[in-house]
There are 2 protein chains.
Amino acid sequence: MRASDRAYSLLRSDIVEWRLAPGDLLAEVEQSARLGVSRTPLREALSRLVAEGLAAPAGRGVVVSAISLAAVTDLFEVRLPLECAAVRLAAHRGDPALFTALAEEFAAAGRLIEDDDGGQDAYYALVARLDREIDDAARNPYLLQAQKPIRTHLARVRRLARDNPRRLLASAREHEQIALALGAGNAELAEASMRVHLHNSLQHLRSPLPGDPDPHHREEHHG
Amino acid sequence: MRASDRAYSLLRSDIVEWRLAPGDLLAEVEQSARLGVSRTPLREALSRLVAEGLAAPAGRGVVVSAISLAAVTDLFEVRLPLECAAVRLAAHRGDPALFTALAEEFAAAGRLIEDDDGGQDAYYALVARLDREIDDAARNPYLLQAQKPIRTHLARVRRLARDNPRRLLASAREHEQIALALGAGNAELAEASMRVHLHNSLQHLRSPLPGDPDPHHREEHHG
DNA sequence: CCGCGGGGAACTGTATACAGAACCGCCAGG
DNA sequence: CCTGGCGGTTCTGTATACAGTTCCCCGCGG
């Protein structure tokens with residue numbers, strides 16, 4: 001693997017998983033030393049991050065781009081039409097049997113969620129599989145290109161809101177409904193199900209947790 | 001201006017305006033010599049082009065990415081929901097007076113189009129102004145980020161289909177209708193007008209040349 | 001005549017050296 | 001005490017040197 005790829009992957013995960021906070025300066029010499037690569041491949045990694053929106057030029061050098069729960073609304077304003085378009089296309093072009101099988105998996109996903117922590121990862125993997133199958137079925141590279149940055153940013157804010165089993169169970173039912181509609185080749189129903197799911201997802205993300213109303217805005221000084 | 005910016009701009013326009021054809025190899029030494037920059041900034045320009053989808057890695061090095069009229073349908077499948085979302089947001093958040101003024105300019109745009117070739121450029125500039133105002137009014141950076149690559153690819157295929165005055169006049173009326181709806185703050189009507197416009201645009205792009213890759217050929221068999 | 005292997009050339013990937021520019025802090029003046 | 005200019009320092013932007021790899025071409029053998 002190329003050094004620039006390693007640098008990109010490491011920096012990307014550092015940003016998405018909040019080890020690097022918004023506003024943190026990504027200095028070339030510092031990061032290249034930390035990641036064990038030279039400045040040239042690190043610069044390529046940085047330009048990729050900037051193109052993706054995870055970093056932004058700020059004066060001299062680039063910083064981790066700002067994001068907050070306030071941006072979630074903006075993100076969903078774009079995500080909604082894109083995902084709806086995706087499921088409409090998938091309903092017309094996809095293989096119904098495939099989605100029917102996925103729907104059954106979602107119907108049985110309650111066991112995964114109520115499991116201990118390992119099961120939740122399995123559920124997230126299931127969701128990712130459905131997303132991938134929708135992408136494949138939609139068969140439109142430009143749609144993918146448009147969705148990719150949106151999903152990246154969403155992965156970033158999702159870390160702010162801890163999913164609880166209650167929400168995950170509801171999410172599983174919503175995904176099951178989407179998969180069922182796709183299995184039936186019903187584009188209208190698939191889009192409606194997606195709208196329901198995205199509405200509930202957004203509402204869940206925006207509802208602050210009691211006792212921790214502003215988790216993304218705390219400023220901790222390193223000791 | 002930085003050397004990497006110059007290299008990026010030059011390569012980008014070379015690709016969009018078909019001076020570099022799909023499949024052409026973008027060799028680092030060759031291009032850096034041609035553009036008068038060193039390999040380091042040229043590499044940054046190349047990675048930006050790859051991120052944008054205008055170039056793609058191919059074996060050793062990168063090549064100009066393939067595109068064709070077949071891709072227009074895919075592009076519009078993504079463009080339609082994005083532009084509809086944009087005008088809906090703009091109708092709610094934008095300044096009505098601004099769009100009303102633009103609508104009047106479109107109503108008077110017939111003179112521009114029937115002018116000799118210089119006027120057509122002025123008309124294209126007017127369209128670009130409306131796009132910009134919609135972007136500003138939508139006030140959503142992620143929507144912009146999703147639309148940018150789509151518009152880039154569209155600019156590339158648009159060069160395949162030469163607009164004729166007849167289509168431009170119809171286009172002006174459609175844009176006027178969109179601007180009017182935005183001036184009235186009518187999101188539903190704005191979206192409907194946008195759908196009409198995109199439908200006609202797609203139909204125009206797909207109609208003229210099933211097997212006529214050379215834009216210099218006349219296609220006036222219909223009179 | 002065709003296939004295969006080796007050598008060479010050229011290209012990419014990486015590291016590093018150098019120059020220009022921006023930021024920070026200090027000092028002097030009001 | 002505040003402010004403005006100035007110098008030092010450090011960083012980015014760029015160029016270039018070097019190494020590894022891959023591709024191509026030529027020659028040799030079947």
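Just so you know, these numbers use all the heavy atoms, side chains as well, and skip hydrogens, waters and symmetry mates. To find a chain, count down the sequence lines: A is the first, B the second, and so on, and within it residues start at 1.
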Query raised in the report: With distance as the sole criterion, do the side chain of T40(A) and the base of dT16(C) form a donor-acceptor contact below 3.5 Å?
Result: yes
Report task. Look at the aromatic rings of Y123(B) and H175(B) and report parallel, tilted or perpendicular, splitting at 30° and 60°. Result -> perpendicular
Report summary line: Separation of dG13(D) atom C1' from R6(B) atom CZ, nearest Å, is 12 Å
Requested in this report: Figure out the CZ/C1' separation between R39(B) and dC18(D), and round it to whole Å.
Outcome: 11 Å
Query raised in the report: Between atom CZ in R2(B) and atom C1' in dG20(C), what is the gap in whole Å?
Result: 14 Å
**Report entry** Residue whose nearest DNA chain C nucleotide is more 5′ - E28(B) or S38(A)
**Finding:** E28(B)
Query - Gap between atoms CG and C1', on L46(B) and dG13(C) respectively (whole Å) - result: 13 Å
Requested in this report: Give a yes or no on whether the backbone of R167(B) and the side-chain of S171(B) come within a donor-acceptor separation of less than 3.5 Å.
Outcome: no
Query raised in the report: Roughly, in whole Å, what's the span from CG in L42(A) to P in dT16(C)?
Result: 14 Å
Query raised in the report: Looking for any heavy atom pair under 4.0 Å, which part of the strands does R60(B) touch: base, sugar-phosphate only, or nothing?
Result: base
Query - R206(A) and Q203(A): side chain donor to acceptor below 3.5 Å - result: no
Query raised in the report: From the list dT12(C), dT14(C), dA15(D), which nucleotide is the closest neighbour of the side chain of V37(B)?
Result: dA15(D)
Query raised in the report: What integer distance in Å separates M1(B):CE from dG13(D):P?
Result: 14 Å
Requested in this report: Find the distance between OG (S4(B)) and CG (L46(B)) and round it off to the nearest 0.5 Å.
Outcome: 11.0 Å
Report task. Rounded to the nearest angstrom, tell me the gap between atom CD in E30(A) and atom P in dC11(D). Result -> 9 Å
Query raised in the report: To the nearest angstrom, how far is L35(A) atom CG from dA15(C) atom C1'?
Result: 16 Å
